[in-house]
Every structure is written in structure tokens, then in C-alpha cells.
Amino acid sequence: MNMQVLDARRDTSGGYRVDVSRGERVGRVSSEWFSRPADERYLSLDELARTVRDRTDCSRTRVVDSALIRVEANRADPERLALMLPGSDTPVAPTHWSFGQLASQVGAPAAYLRQLPAALAGINLQFGLTSKRVEQIKTLETENGRIELRAVTSPDYGRIYDRDLIEAVQRIAGNGTGDTRWKVPGVLDWSTGIYDPQVGISKETTTLYASDRDVFLFLVDDLNPIEAGRLRDGSPDLYFRGFYCWNSEVGAKTLAIASFYLRAVCQNRNLWGVEDFEAITIRHSKYAASRFAHEAAPALLNFVNSSPMPFVNGIKAARERIVARSDEDRTEFLRRRGFSKAETAKVIDRVLAEENRPLESIFDFVQGITAVARDKPHQDARLDMEAKAKKLLDRVA
């Protein structure tokens, strides 16, 4: 892969000075970082791949007639249910997640059933299964000392295994620890404004996650910064490439891959200064596996192999495109694009305060809009403003 690095200068500390007041803040990775316990955090893609590959290797999926499923309460453990599936003499134990899916399939409230004694909950489930509200279901069963029912879905559920996503990422990112350009990110030092890409990977810093329900990973190319213009003090405005993706082979969420440029990642794994965010989402419908093979995986490969010059040139064009010379021009420009009077004033004042000059170019307007969007307390309002900013850049491109 050829990547042109444009006049990137390292700080004497070994990191890169960045301006995170520009662009968007994206908290998706941070929410994962906050919620993952230690046993869901991995230090390399190899380690993560082994986990998801091992459980796939000892799993099977099949479609069964719901009326032939028997629900049994375990006498030795009255709090636990077991299922006898047709064609097997061995009981399977539903997980918390698959129990909820099974209850949903038969139209029963899972939260209520969990409060009942196992025998009584089993009677309710059995009635739902034999009443033929759902004639067939698809199961995902994993044997690891005992047979566990990990997922219950409709027969047309298009499963994309977590293993397939991780293997696709490994083809471009290796181990995710620096053996390729793509690695677990470094950390921004807020006191200096220096982003240090060389930070040890630990349970606290890793961005590689997996549970029994899903996988999520985030990687950056932060040793090869890209310059796209200059900051107010004349220093380079540096960006890095990044992407994150997630999947659930048990139906807990869609598969998605998002690529973008960003300026830094902080200790809490918030992404700062994000630009050019693009995402592909694939629902686990009948042809999901085919869509992943023909759309999502090639799109990720195209991103990591493509030149950054279209992005750099787009930023340059936005900086050079002057659209306002007076306060009246600035107000009219924003009001005609759907911004309220209050929002318009905030955008104009924000750029004046941060840049010490009035906004003039498309780039100025985009930076001002995204800065104000970050202050929005409600996500929908923030995303709406960010979408308007992106539309301005798209028109320039």
C-alpha cells in the first residue's frame, strides 16, 4: 500500500501536536471502552481471533420445527431450564440472550418469564412453541463442556460469523499491534495537546473487544500522519486514518464498518477532530453473508489502500472556497441552510473566538458548525448539525 505522508513534523516528545477543537467528536469507541469488563478486552487480533474461531469451530446451526421442541425444568437446578431439540437426546442450555430471543419468537415477555420458577416458565414457553405461532426457528448451538444454545432466530436469519469479520480485518491489519500500519491507538495528552501514538497496549488502553454476543474493534494508522492545510499558528493540521467495526453472530446487532480521518484519541477512547466519516451497515438478512463478502470487506480494503489525496484536496478546496465577506453574508449563508437564528449566532461567534477572525470559507463554516454541534446535549440535534456540515464539504468535493 502506498501512502503519501505530507510534511508531518513530530514534537520533541515523540508525539504529534494536534488541534482537536476542529472536526467532530465521536464517542462510539468510548462507550465500548467504558462498558467492557476485563475478560472482554484483548491485547491483539491474534488473541481475539482465536477466541471467536474456537467458538465457531465447536458450533453448529440448524432449522428445527418449533412444535417438536420440549422445554424441561432441571430437577437438580429448579432455577434453570433446558431444551430438548428434535433429533438430539442431549439437552441444550439457553443463554440469557437466547432465552430472550426464544421468548420473543413465541410472543412471551422474557422479563416476566425470568421472574417465574423454571417449571412455570417452561409451561408458558412450551405452550407458545406448540401453539405454532412460529413454525420454525434457526438455532446456534455451541458445545464447550456442555451444549449451549447461543441464538434463536428466524429461519431466514443471515448469519455473519464474528470470525469472518476478524479474519477480514487481519488480512489488512495483521496482529493490530504495530506489525502493519494499523494498530491500537495511542493517547492524547490534554495538558500539551500532543498525541502520542507509541503507548503500550494493556487492558486499559486496548480497543479490541469481544463478548459471547458481539465483537468490536478500532484501529488507526497513527504513525503516518497526513497534513491537510495549516493551523492558525502555521503548524500543520495533522490527521490520521482510522476505522472501527462490529458484529454479532447471535443477532444482538448489525454488522457495520466505519472509516474516517481523525486528529486524536484520548485516554477515554473518544475520537477527536473526526472528518470524512463513512459507514456501511449490513443487517443479518437472508443474503447478509454475500453482502459482507461483496460490499463491506472490499470497502474496508479500498479505504486502507486508497490515496489520502482526495481527502486532502477536498480540505484544501474548502479552505479556498470563500462564501462570505460580511456579517450579512455569514448570517444569510447559514440561515439559508436551515440553521436557526440562535445557532447562526453561535457558529459565527465560535469561529471568531477560536480563530480570532471572522469565518469566510466553506472550511470555516464547517469547523464552526461542528464545534457548536459538540455542545448539543441531545444526540439527534448534534447529528443533524454534523450532517449539515458534511453536506457543505460534499458539495465542494
Salt-bridge contact Glu249-Arg213 (side-chain N to carboxylate O under 4.0 Å)
no
Step through it carefully: locate the ring centre of Phe240, locate the ring centre of Tyr261, and say whether they are under 6.0 Å apart.
no
Backbone N or O of Thr205 within a donor-acceptor pair of the Arg41 side chain at under 3.5 Å?
no
Starting at OG of Ser235, measure out to CG of Asp19 and round the result to the nearest 0.5 Å.
8.0 Å
Shortest non-hydrogen pair, Ala288 vs His284, comes out as CB-CA, 3.7 Å
In the structure I gave you, are the side-chain heavy atoms of Tyr16 and Pro197 within less than 4.5 Å of one another anywhere?
yes
Cation-pi check, Arg241 to Phe303: give yes when NZ or CZ is under 6.0 Å from the six-membered ring centre and within 45° of the ring axis, no otherwise.
yes
Are any of the side-chain nitrogens in Arg357 or Glu360 under 4.0 Å away from the carboxylate oxygens of its partner?
no
For Arg330 and Ile348, the nearest pair of non-hydrogen atoms, with its separation, is CB-CD1, 3.9 Å
When rounded to the nearest 0.5 angstrom, what distance separates CG in Asp54 from OG1 in Thr56?
8.5 Å
Just so I know, are the side chains of Leu359 and Val347 near enough to count as touching, which here means a heavy-atom distance under 4.5 Å?
yes
Mark yes or no for whether Thr254, through its side chain, and Ala256, through its backbone, hold a donor-acceptor pair below 3.5 Å.
no
SB check Glu141 Arg62 (cutoff 4.0 Å):
yes
Any salt bridge linking Asp375 with Lys346? Criterion: basic side-chain nitrogen under 4.0 Å from a carboxylate oxygen.
no
Ion pair Asp384/Lys376, N-O distance below 4.0 Å
no
Rounded to the nearest 0.5 Å, what separates atom CD1 in Ile280 from atom CG in Leu300?
8.5 Å
In short, Gln101 meets Thr153 closest at the heavy-atom pair NE2-CG2, 4.0 Å
Cation-pi check for Phe339 against Arg335: NZ or CZ below 6.0 Å from the six-membered ring centre and within 45 degrees of the axis, yes or no?
no
Would you confirm whether Arg269, through its side chain, and Pro185, through its main-chain N or O, come within 3.5 Å as a donor-acceptor pair?
yes
Is the Trp182-Phe243 ring centre distance short of 6.0 angstrom?
yes
Can you confirm whether Ile172 sits close enough to Asn305 that some side-chain heavy atom of one is under 4.5 Å from a side-chain heavy atom of the other?
no
Salt bridge (Lys or Arg N to Asp or Glu O under 4.0 Å) partners for Asp57, two or more places apart
Arg163
Does some side-chain heavy atom of Leu165 sit less than 4.5 Å from a side-chain heavy atom of Phe292?
yes
Any salt bridge between Asp222 and Arg263, counting N to O under 4.0 Å?
no
Any salt bridge between Arg146 and Glu148, counting N to O under 4.0 Å?
yes
Is there a donor-acceptor pair under 3.5 Å between the side chain of Asp196 and the backbone N or O of Gln198?
yes
Any side-chain heavy-atom pair from Thr177 and Lys183 closer than 4.5 angstrom?
no
Can a donor-acceptor pair be found between the side chains of Glu275 and Gln367 at a distance below 3.5 Å?
yes
Check Arg36 with Asp214, please: is the shortest side-chain N to carboxylate O separation under 4.0 Å?
yes
For a quick test of reading the model, state the closest non-hydrogen atom pair linking Gly251 to Ser248 and the distance between them.
N-OG, 3.4 Å
Measure the spacing between CZ of Phe218 and CZ of Arg28 and express it to the nearest 0.5 Å.
12.5 Å
From CA spacing to verdict: salt bridge (Lys or Arg N to Asp or Glu O under 4.0 Å), Glu72, Arg70:
CA-CA 6 Å; Glu72 296 183 346; Arg70 295 204 324 270; 3.0 Å; yes
Are the aromatic ring centres of Phe260 and Tyr244 under 6.0 angstrom apart?
yes
Would you mind reporting whether Val265 and Val187 have side-chain heavy atoms less than 4.5 Å apart?
no
Cys266 backbone acceptor or donor facing Asn270 side chain under 3.5 Å
no
Pairwise distance CD(Glu47) to CG(Leu45) - rounded to 0.5 angstrom
10.0 Å
